[in-house]
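Scroll down for the structure; my scribbles are underneath it.
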Amino acid sequence: MSNIAIQTVSLSKQYRIGAGKLGYRTIGDTLSTGFRRLIHRSGTAEVAERNPIIWALDDVSITCRSGTITAIIGRNGSGKTTLLKILAGITDPTRGFAELFGRPGALLEVGTGFHAELTGRENVYMNGAILGMTRREIDGKFDEIVAFAEVEPFIDTAVKYYSSGMYLRLAFSVASHLEPDILLIDEVLAVGDAEFQRKCIDRMSTFSRQGRTVLFVSHNLAAVQQLCTDGIVLDHGRLACSGTVTEALTTYARLRRDPDRSSDENSSLLQIHPLEIQPQGSRVFIGDPLVVRFTVTLGHALERTSLRLTLRTAGDEVIVYTAPDLFQQTRLIEPGTYSISVTIPPLWLKPGIYDMRVKAVAEQPGLEKIRAVSDPMAVQMEHPHLHHIDLPGYIVPNAQWDIRRSESDRGEGATMLCR
Amino acid sequence: MITIHSNQIDNSPPKTQSRPTPVRREAGSRKGLRFRELIQFRELLVFLAWRDIKVRYKQTVLGGLWAIIQPLMTMVVFSIFFGRLAKIPSDGIPYPIFSYAALTPWTLFSNSLTKASTSLVGNANLVRKIYFPRIISPIAAVLTGAVDFALAFIILIGMMFAYGYYPTWRIIWVLPLLLLTMLTSLGAGLWLAALNVTYRDIRYIVPFLTQIWMFATPVAYPGSMLDEPWRSLYGLNPMAGVIEGFRWALLGSETAAGPIFLVSVTAVCVMFFSGMVYFQKVERHFADVI
């Protein structure tokens with residue numbers, strides 16, 4: 001119970017889809033429906049049919065401790081933004097409730113309320129007020145905001161003349177000087193370049209070090225993994241996972257389906273069955289070899305079926321690619337089930353969570369290619385001493401460092417071996 | 001408003017000195033008129049109004065002059081067509097100043113009403129992305145109209161001197177009349193703004209509404225054209241009372257306030273409070289529907 005920052009109990013939000021989320025857009029619609037209702041008693045059922053109900057959030061109960069950075073992940077339309085909007089007070093839940101212990105501040109968009117015709121200075125005040133800062137607060141932080149955005153020479157120019165980078169920097173700078181107890185952030189990393197994203201991430205970690213709580217929606221799983229301690233996964237409005245960020249990312253990887261797969265109608269022709277990693281399950285020491293086992297079923301004789309296995313970073317970048325023979329097609333032709341095991345030598349990938357998939361593509365003469373993709377599997381690379389947060393790059397090889405002082409005696413003494 | 005300064009907190013986690021009551025989000029958790037919240041958000045109100053004023057005449061050659069040109073041109077057109085050609089009586093007052101004295105508050109009213117009714121949809125982005133008491137948006141729209149009014153009013157004073165009508169103590173009545181105008185446009189504006197969120201038809205209705213409303217108001221003709229009891233009933237249109245009041249306060253027309261004014265004030269109160277209640281009842285759906 002100690003230090004809870006956010007708590008939700010059975011939080012649910014209902015929307016009607018169809019003619020506007022809540023019903024009608026034009027008076028004509030209302031009148032015609034009302035009229036129909038007068039004639040047929042069944043009018044209401046008809047309305048319900050025309051405007052089906054969806055639960056954007058369905059019975060979501062979560063708890064966030066203060067000082068943590070919690071990621072909310074899930075596919076588009078899974079209810080992430082709705083959850084933030086309810087917590088921010090923008091919209092009311094249909095059922096259930098949420099409690100926030102501390103002053104909340106929401107950043108659902110960078111630059112809300114920025115007006116192209118106003119100058120940089122005017123927009124700082126306007127945007128600050130919109131984000132809930134008082135005039136005095138903005139006065140106090142003004143120079144800092146402008147310096148952080150690096151737009152001093154243009155601060156009295158209308159922002160419509162700004163480059164998009166300057167605009168974004170200024171908008172983010174204002175937002176990042178907001179100091180609420182609970183910060184709710186929606187996908188701000190989707191915009192901006194790498195430098196901008198780094199600034200965002202730095203700023204958020206500073207926040208949590210100051211004991212503030214951050215709730216962070218993102219599709220950038222690399223950032224989530226780097227930044228967050230806890231994670232929440234939403235799937236079609238339901239809570240799929242609430243726990244550590246590792247648990248959340250694993251759940252999310254399982255939920256995520258490759259778009260190729262769903263579009264495949266020939267799935268009975270070609271199937272890949274669950275991956276299994278041996279011997280330790282999905283947790284692997286970075287210097288150990290990896291054995292992956294799976295089965296491929298051909299429902300039909302297929303020509304030239306090729307297989308490949310990939311490992312992706314949390315940012316969805318393919319970092320390991322392997323095929324039975326990189327330059328030839330594999331000989332899986334006859335129908336039947338093949339059990340396959342892939343032994344991967346030690347990869348020395350930096351500790352973290354990677355997404356493993358196996359893909360099969362079969363060509364049929366004169367017909368479309370048939371594809372099959374395995375369920376993704378999260379592989380956690382571990383190292384007893386290295387912490388994944390601070391490492392740059394991707395590979396941490398077991399390199400031998402031989403360091404010796406050149407002037408001193410040869411053969412003995414100042415030799416150091418480091419890994 | 002509580003502010004936590006970073007230097008105060010850097011080393012230790014924020015102390016939970018007697019946990020403050022949590023902010024609660026629940027269906028219907030915000031009820032009533034919530035004037036206190038309005039006070040809490042007063043800075044945002046001022047900023048919104050200030051932004052509208054700043055932006056309104058940006059990149060125009062004549063700038064703020066437009067605030068004067070609008071009623072002035074209408075006055076010229078009225079004087080030619082109603083005053084000269086149709087020979088509409090004007091209680092013995094020269095027709096140009098007779099109509100301009102009415103057009104100043106009328107322009108304030110119709111502009112405020114139009115802006116207030118489209119204000120929420122105009123600020124849709126804000127409504128979707130941040131929380132603020134939504135009522136701030138139409139209030140800010142009405143406040144910006146007051147600036148234009150001030151400019152047009154200076155011209156009115158100038159014209160009064162030109163026509164030999166010197167201000168008397170009655171001029172102080174302009175202030176309560178101004179307030180009444182703003183409350184009327186806000187009252188109607190609240191209804192229309194809230195309805196416009198769901199029914200975009202409002203956008204097309206408002207221009208007709210203001211036009212018809214103007215003909216139902218003694219702007220181009222004197223209220224004295226009607227006889228009692230119709231005249232007092234006429235006061236149900238609050239702008240009728242306001243405009244009669246303006247002519248009385250500034251030009252000393254005989255058609256003094258009286259019962260018509262009382263009816264107007266009552267009508268304004270009904271319109272304003274019903275607007276408030278309706279607005280606050282539906283405002284929690286705005287973000288979902290807009």
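All values below were derived from every heavy atom in this structure, side-chain atoms included, with hydrogens, water molecules and symmetry-related copies excluded. Order of the sequence lines sets the chain letters (A, B, ...), proteins ahead of strands, with each chain counted from 1.
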Might you point out which heavy atoms bring Thr91(A) and Arg284(B) nearest each other, and give the distance in Å? OG1-O, 4.2 Å

Considering all heavy atoms, the nearest Gly102(A)-Val23(B) contact: O-CG2, 3.9 Å

Part of Val127(B) lying under 4.5 Å from any heavy atom of chain A: backbone

Going from CD1 on Ile86(A) to OH on Tyr131(B), what distance comes out if it is rounded to the nearest 0.5 angstrom? 14.5 Å

Shortest non-hydrogen pair, Val55(B) vs Leu118(A), comes out as CG2-CD2, 3.8 Å

Per the side chain to side chain contact (heavy atoms under 4.5 Å, CB included) rule, which among Lys85(A), Lys13(A), Gln14(A) passes with Asp288(B)? Lys13(A)

Does Tyr278(B), at its OH atom, have more than 12 non-hydrogen atoms belonging to other residues, nucleotides or ligands within less than 6.0 Å? yes

For the CZ atom of Arg128(B) and the CD atom of Glu109(A), what is their distance to the nearest 0.5 Å? 9.0 Å

So what's closer than 4.5 Å to chain B heavy atoms on Thr112(A): side chain, backbone, both or neither? both

From CG (Asp186(A)) to NZ (Lys129(B)), nearest 0.5 Å: 6.5 Å

What is the distance from atom CG of Leu11(A) to atom CD of Glu26(B), rounded to the nearest 0.5 Å? 10.0 Å

Report the distance from atom NZ of Lys54(B) to atom CD of Glu122(A), rounding to the nearest 0.5 Å. 4.0 Å

Please indicate whether Lys160(A) has more than 12 foreign heavy atoms, meaning atoms of other residues, nucleotides or ligands, lying under 6.0 Å from its NZ. yes

Step through the shown structure and confirm whether more than 12 heavy atoms of other residues, nucleotides or ligands are within 6.0 Å of CZ on Arg95(A). no

Look at Leu107(A), Thr81(A), Leu131(A), Leu87(A) and state which one has the largest set of heavy-atom pairs under 4.5 Å with chain B. Leu87(A)

Looking at Phe41(B), Phe132(B), Phe286(B), Trp50(B), which has the largest count of heavy-atom pairs under 4.5 Å with chain A? Trp50(B)

Rounded to the nearest 0.5 Å, what's the gap from CG on Leu44(B) to CE on Met126(A)? Could you check? 6.0 Å

Among Gly113(A), Ala98(A), Ala129(A), Pro104(A), residue most engaged with chain B (heavy-atom pairs, under 4.5 Å): Ala98(A)

The interface call for Leu195(B) against chain A, heavy-atom contacts under 4.5 Å, is neither

